[in-house]
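Heads up, the thing below is written out as structure tokens.
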Amino acid sequence: MPELPEVESVRRKLSRWTTGARLVSAVASDRRIVRGSLSAFAKLEGRTFRSFERRGKWLRIGFGENQYLYSHLGMTGDWELEGEERFERARFEIVKKKKKNVLRYTDPRRWGVLALAGEDFPPWAALGPDPLHDGIDIDRLEKKLSVRAKKSVKEVIMEQKVLAGIGNIQAIESLWKAHIHPKRKAASIEHEEVVALVKAIEWSIARTLADLELGDAGKDNPFKIYGNAGRPCPRCKTILQRFELGGRTTTACATCQPLAKVKPSRTKPSAKRAKTSAPQRRRSRR
DNA sequence: ACCAATGTTGACAG
DNA sequence: ACTGTCAACATTGG
Ligand SMILES: [Zn+2]
């Protein structure tokens with residue numbers, strides 16, 4: 001469930017469900033997920049859900065008096081009202097307008113995090129600007145990219161202090177939209193490309209979020225190229241490639257997202273041929 | 001039965 | 001000190 005759009009969607013439903021609700025009981029006993037003391041959760045009992053914020057992939061629920069419940073969904077975390085007990089990792093009984101409900105944090109893989117803290121929480125403080133909440137500062141991004149001569153543009157935009165909330169899917173989709181190959185060195189991205197990338201990130205986040213807001217009506221794979229390696233590029237019909245980059249499976253179109261510059265410059269010697277990627281390897285347990 | 005999965009972090013080698 | 005590469009985490013669903 002976890003990139004910026006998914007987390008934003010969770011934030012919205014939490015706000016819908018629990019604004020003004022009173023927390024009757026809070027039980028979180030999974031040591032892998034809960035950071036800090038388990039008993040601290042009892043301190044929240046009796047308090048009221050007041051605010052719902054998101055920064056990147058982090059959520060925080062405010063209970064007043066500088067008490068926040070921070071939540072990171074890891075790879076498979078989600079919040080549900082009622083629903084199945086199967087993947088429940090934390091349970092919150094709430095009362096809103098006399099109605100009692102169970103709010104669950106579910107997380108099969110248990111890579112998520114729950115933490116109680118005040119407004120100063122290091123993982124939250126460490127996040128860069130959130131594209132949806134703060135917008136993207138083109139000059140700042142250009143600077144961040146220009147300094148990274150060795151890393152690929154995809155890896156850099158996925159760093160949470162560069163842009164909070166961009167994950168594998170959003171990176172793949174936006175780079176495709178901006179016609180930028182994910183393996184390009186971050187520092188090689190030119191000004192106009194940064195401008196295009198910023199637009200593309202906004203485009204991808206907006207359409208993913210819109211799709212999520214449709215609820216179950218949404219299709220299985222609403223993405224343009226993520227998860228579609230081996231199928232034709234929606235723009236040019238070239239078969240989409242799949243490769244690993246920075247330990248993450250990546251999809252790209254070799255035609256729309258050239259690795260080597262294709263600028264038709266008859267005066268200059270021909271551009272170097274793009275390196276052909278090694279025959280598909282497989283591995284990764286992410 | 002096998003493989004891949006929307007994330008993050010820490011170890012290690014160069 | 002920096003950089004890149006792996007592995008690990010834990011579990012499910014196709
Ligand atoms: Zn294409």
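Below, read A as the first sequence line, B as the second, and so on, with proteins coming before strands; counting in each chain starts at 1.
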| request: Say whether, by atom type as modelled, one donor and one acceptor occur between the side chain of A:E173 and the main chain of A:K224 under 3.5 angstrom. | output: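 Indeed, once roles are kept as given, a pair shorter than 3.5 Å links the two residues.
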| task | Taking A:N101 for its side chain and A:E82 for its backbone only, find out whether a donor-acceptor pair lies under 3.5 Å. | result |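 The answer is no, because no donor-acceptor pair under 3.5 Å joins these two groups.
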Phosphate-side-chain proximity, [X] and [N], N/O vs OP1/OP2 below 4.0 Å:
X      : N      : answer
A:T249 : B:dA5  : yes
A:K151 : C:dT3  : no
A:R86  : C:dG13 : yes
A:H72  : B:dT8  : yes

Please state how far atom [atom1] in [X] lies from atom [atom2] in [N], giving the value in whole angstrom units.
X      : N      : atom1 : atom2 : value
A:M75  : C:dT11 : CE    : C1'   : 11 Å
A:R31  : C:dC9  : CZ    : P     : 18 Å
A:R110 : B:dG7  : CZ    : C1'   : 16 Å
A:I166 : B:dG7  : CD1   : C1'   : 14 Å
A:L245 : B:dT6  : CG    : P     : 13 Å
A:R109 : B:dA4  : CZ    : P     : 13 Å
A:I169 : B:dG7  : CD1   : C1'   : 11 Å
A:E155 : B:dT8  : CD    : P     : 14 Å

| said: Looking at C:dC9 and A:W111: do their rings stack (centroid distance under 5.5 Å, interplanar angle under 30°)? | reply: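 Yes, the aromatic ring of A:W111 stacks with the base.
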| request: Taking all heavy atoms of A:V153 and all of A:P182, pick out the closest pair and write down the distance. | output: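 The answer is CG1-O, 3.6 Å.
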| Validation row, ring centre A:F63 to ring centre A:F49 under 6.0 Å |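 So the answer is yes for these two rings.
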| Between B:dT6 and C:dT5, how far is it from one C1' atom to the other, in whole Å? |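 B:dT6 and C:dT5 have their C1' atoms separated by 22 Å.
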| said: Let's see if you can work this out: which of B:dT8, C:dT11, C:dT3 has an atom nearest to the side-chain heavy atoms of A:R248? | reply: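 Side chain of A:R248 sits closest to B:dT8.
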| field | Of the listed nucleotides C:dG4, B:dT6, B:dA4, the one nearest the side chain of A:Y226 | value |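 For the A:Y226 side chain, the nearest candidate turns out to be B:dT6.
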| task | Describe the nucleic acid contact of A:P108 in one word from base, sugar-phosphate, nothing, applying a heavy-atom distance below 4.0 Å. | result |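 If one applies the 4.0 Å heavy-atom cut-off, A:P108 turns out to touch the sugar-phosphate alone, with no base involved.
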| said: Looking at B:dT6, which nucleotide sits across from it as a Watson-Crick or G-U wobble partner, both distances under 3.5 angstrom, or is there none? | reply: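 Partner of B:dT6: none.
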